[in-house]
Every structure is written in structure tokens, then in C-alpha cells.
2 protein chains.
Amino acid sequence: MREDSIENNTHLPLLQFATSKVIAASEIYIPEGKIFKKIIYIKKGILRIFFLTASGEEKTFFFRWEGQIAAIPECIFDNQPTRQTWQALEDCELMEIDFDIVEKLSANNISLIKTRLGFAEKMFLDALKRVESFILDKPEERYQKLIIQKPEIIKRVADKHIASFIGVTPVSLSRIRKRLASQKK
Amino acid sequence: MREDSIENNTHLPLLQFATSKVIAASEIYIPEGKIFKKIIYIKKGILRIFFLTASGEEKTFFFRWEGQIAAIPECIFDNQPTRQTWQALEDCELMEIDFDIVEKLSANNISLIKTRLGFAEKMFLDALKRVESFILDKPEERYQKLIIQKPEIIKRVADKHIASFIGVTPVSLSRIRKRLASQKK
DNA sequence: GACAAAAATTAGCAAAAGATAATTTCACTA
DNA sequence: TAGTGAAATTATCTTTTGCTAATTTTTGTC
């Protein structure tokens with residue numbers, strides 16, 4: 001099992017370049033349109049990353065929580081402004097590291113590049129798992145899998161955010177929950 | 001723009017370890033359950049990667065075509081048997097390289113590891129794009145985007161394979177096509 | 001604890017999708 | 001080119017989802 005926690009890997013030295021940041025619950029951490037070239041480590045709290053649609057709806061793309069590393073691929077890899085908004089769902093404590101520094105440090109540090117490769121592969125696998133679930137499962141099953149795989153998330157995050165995360169409307173998720181509850185009896 | 005073609009990168013030397021392989025149209029290239037630890041480069045043709053469900057349905061996970069690199073993440077990263085089947089949809093010409101060799105060569109070759117990192121990042125971005133489309137778009141829109149982004153694929157691949165690729169049944173895709181055709185008039 | 005605001009649920013209706021089967025079209029091969 | 005099998009379309013019916021709005025529940029704050 002891989003663990004994408006900074007503490008568990010061999011690159012603690014990176015932490016000396018990190019700065020702390022605190023975000024209060026419900027605050028916007030990174031607004032849409034920003035070119036955010038940092039790697040962050042979440043010490044505490046949950047972040048929600050969402051798209052704002054033309055009709056003003058917020059569609060949750062993913063969540064990141066304590067112990068995880070996060071970054072914005074488009075910004076880091078392609079120097080493009082992000083199309084998503086990052087919001088703290090709880091009071092968050094973060095560590096930020098400029099990606100430029102990571103780049104410089106890894107230019108001739110094969111071990112650090114391997115670590116980055118490991119992260120990229122893990123992220124890729126996670127994203128594939130998600131695609132798989134959209135291909136194979138009904139929304140109902142995606143919800144059930146989420147409950148099994150990450151039970152806390154259901155308790156810490158509003159249903160409406162879970163809804164778009166699994167690709168349905170809040171109303172539809174409410175009906176799914178009702179169906180599941182009645183099946184249990 | 002990244003291009004995931006072997007010829008376009010600086011690692012042509014890898015090719016000296018590659019062996020050729022030809023697969024006839026409709027043949028199974030990699031069966032479910034195999035631990036396939038090779039990197040392949042597709043010189044010609046299209047491969048379809050699908051899940052076989054408990055009820056015997058084939059759900060297309062993705063396609064790979066000429067000019068692309070492919071590998072099975074679970075096998076390469078985690079040494080696990082693949083849960084998908086790889087099938088040639090056209091006569092295919094492939095180059096295969098043992099992943100062990102890539103591992104050995106990249107152990108102390110920073111440039112090669114960077115190339116691998118680049119591939120992993122590109123794959124990750126592609127997978128994210130796909131998730132995004134499941135979150136934001138209706139099946140109809142996913143189909144339209146596919147037509148725009150990869151028009152040839154529609155012509156070279158059976159509709160029923162496209163259907164599960166965008167997350168619907170073949171019958172439903174047929175209705176989508178009918179709706180779109182009538183809107184055009 | 002009372003109040004206000006947000007979230008979740010419910011209801012009613014329309015649209016879309018799934019399941020199954022029949023029919024038509026297409027593609028391949030003898 | 002005729003025939004066969006697979007693919008695509010169409011039809012019918014059921015289930016699920018989306019949309020909108022009303023109602024209930026929950027949450028947070030004073």
C-alpha cells in the first residue's frame with residue numbers, strides 16, 4: 001500500500017522549504033483562474049475542489065484531506081490557470097512548497113524524482129479507479145462504494161457535495177439514500 | 001503539447017530492447033488475470049481494453065491507438081493481475097519492452113525517469129479529463145466531445161464499444177445519435 | 001433556547017436511460 | 001453475389017434521473 005504522506009517518505013528535507021497556512025472553514029483557498037504553482041500537504045481538514053458551471057452550479061471534482069499531498073496538474077504541468085475552485089470545508093492547516101523549488105531540487109536528485117514518479121502513478125491509479133466506477137457502476141453503487149472506502153467522508157462532507165462527486169444531483173442522491181435505507185429493513 | 005510517442009522523445013535507445021508483435025483484428029492480446037509487466041508502443045492499429053462483468057457484458061475502459069504508449073498500471077506498479085482484457089480491434093503492430101529492463105535502465109538514468117514522470121503525468125491528466133466529463137456532462141455531451149476530440153475513433157470502433165466508454169448502453173447511444181441527427185436539421 | 005439560513009427531503013411531472021425483444025442494416029466470407 | 005451473423009436501430013415498458021418548488025430538518029449564531 002502506498003501512502004501519500006510527506007512524513008512517511010524520505011524527503012523530509014523538502015519540509016524546510018515549506019510554509020504554513022491556515023484556512024478557515026468555508027473559505028476559498030484557491031480561486032478559479034489562478035496559476036497556482038505549489039505543492040501542498042494537508043496537515044488537518046478537508047478541501048473541496050469544484051467546478052463552477054455556466055448556470056452557477058458547483059460540481060465537486062474531488063476532495064483532499066489530512067495526510068494527503070495535493071497540487072493542480074494544469075498549473076504545475078502546463079502553466080495554465082486552474083478551472084476549479086479550492087475551498088476549505090473545515091478549518092485547515094496546510095504546508096505549502098513552491099513547485100519551482102521542487103523542480104530545482106529534483107533536477108539532479110534521482111531519489112526525489114522517483115518520489116514524484118510514485119506520486120504521479122498513485123494519482124493516476126486513483127483517477128482510473130474513479131473512471132472505472134463511472135463505467136461499471138450505477139450512481140447507487142458509487143455511493144455505496146464511497147461509504148465503504150471512506151466512511152468518514154460521508155459524515156464530514158455535505159450530501160450535496162457528495163452528489164456531484166458521484167455524478168448526480170442532490171435530489172437524486174437523497175432518493176438513493178431513501179432506497180438504500182428501505183432495502184436494509 | 002506533449003506527445004506520447006517513443007520516436008519523439010530522447011529515449012530511442014530503449015527501442016533496442018523492444019521486440020515486435022503482431023496481433024490480428026479481434027484477437028485477444030492480454031487476457032484478464034495476467035500479470036503483464038511490459039510497456040508497449042503501438043505502431044499500428046487500435047486496442048480496446050474492457051472489463052468483463054459478472055453478467056457477461058463487456059464494458060470498454062479505454063482505447064489505445066497507433067503512436068501511443070500503453071501499460072497496465074496494476075501490473076507494473078503493484079504486481080497484480082489485470083482485471084481487464086486487451087483486444088485488438090484492427091490488425092495491430094506493437095513493440096514490447098520488459099518493464100524490468102526499463103526499471104534497470106532508469107535506476108541511475110535521471111533523464112529516463114523524467115521521461116517516465118512525464119508519461120505518468122500525462123496519463124493522470126487524461127484520466128482526470130475523463131472524470132471531469134462524467135461529473136460535468138450528460139452522456140450526449142460526452143459523445144459529442146468524443147466526436148470533436150477524436151473523430152476517427154467513431155469510424156474505426158463499433159458503436160457498442162463507444163457506448164460503454166461514455167457510460168451508457170448501446171441502445172441508449174443509438175437514441176442519442178438519433179436525437180443529435182434530428183437536431184441538426 | 002430562539003431564530004435565520006442552509007441543507008435535505010419530498011412531491012409532481014418530464015426527460016432520459018435500462019432491459020428485453022423484434023426488426024433492419026451492415027459486414028464478412030464462402 | 002448470396003447468405004450468415006453481428007451490429008445497430010426501433011419499439012415497448014419500467015426505472016431512474018433531472019428539474020422545480022414546497023416542506024421539513026439541521027446547523028450555526030446570537
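Here the structure is a predicted model, which is why all the values come from computation and not from measurement.
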Using a cut-off of strictly less than 4.0 Å between a heavy atom of the residue and any atom of DNA chain D, enumerate the qualifying residues of residues 151-168 of chain A by number.
A:Gly167, A:Val168
Sub-4.0 Å heavy-atom contacts from residues 45-55 of chain A onto DNA chain D, ordered by number:
none
Which angle, rounded to 10°, do you find between the first-five-pair axis and the last-five-pair axis of the helix from C:dG1-D:dC30 to C:dA30-D:dT1?
50°
Taking 4.0 Å as the cut-off, does a side-chain nitrogen or oxygen of A:Ser172 come that near to OP1 or OP2 on D:dG18?
yes
For B:Arg175 and D:dT10, is the shortest distance between a side-chain N/O and OP1 or OP2 below 4.0 Å?
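For D:dT10, OP1/OP2 do not have a side-chain N/O of B:Arg175 under 4.0 Å.
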Please confirm whether the backbone N or O of A:Glu103 pairs with a side-chain atom of A:Ser106, one donor and one acceptor, at under 3.5 Å?
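Yes: the side chain of A:Ser106 pairs with the backbone of A:Glu103.
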Apply side chain to side chain contact (heavy atoms under 4.5 Å, CB included) to [X] and list each qualifying residue two or more places apart in sequence or on a separate chain.
X        : value
B:Ser55  : B:Thr53, B:Glu57
A:Lys178 : none
A:Pro81  : A:Ile35
B:Glu132 : A:Phe51, A:Phe61, A:Arg83, B:Lys129, B:Leu136

With sequence neighbours excluded, what pairs up with B:Lys150 under the salt bridge (Lys or Arg N to Asp or Glu O under 4.0 Å) test?
B:Glu152
Show me the donor-acceptor pairs, under 3.5 Å and distance only, between side chains in residues 167-176 of chain B and residues at least two apart or in other chains.
unit_1, atom_1, unit_2, atom_2, d
B:Thr169, OG1, B:Ser172, N, 3.2

Which atom pairs, donor and acceptor, lie under 3.5 Å between side-chain atoms of residues 85-94 of chain B and protein residues at least two apart or in another chain?
unit_1, atom_1, unit_2, atom_2, d
B:Gln87, OE1, B:Arg48, NE, 3.3
B:Gln87, OE1, B:Arg48, NH2, 2.9
B:Gln87, NE2, B:Ser26, O, 3.1
B:Glu90, OE1, B:Arg156, NH2, 2.8
B:Glu90, OE2, B:Arg156, NE, 2.8
B:Asp91, OD1, B:Ala25, N, 2.7

If the sugar-phosphate is the primed atoms plus P, OP1 and OP2 and the base is the rest, what is the B/S/- string for nucleotides 21-30 of chain D, using protein heavy atoms under 4.0 Å?
----------
Span of DNA chain C in contact with chain A (heavy atoms, under 4.0 Å)
C:dA7 to C:dG12
Under 4.0 Å, counting only non-hydrogen atoms across every strand here, what does A:Lys178 touch: a base, just sugar-phosphate, or nothing?
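Touches sugar-phosphate only.
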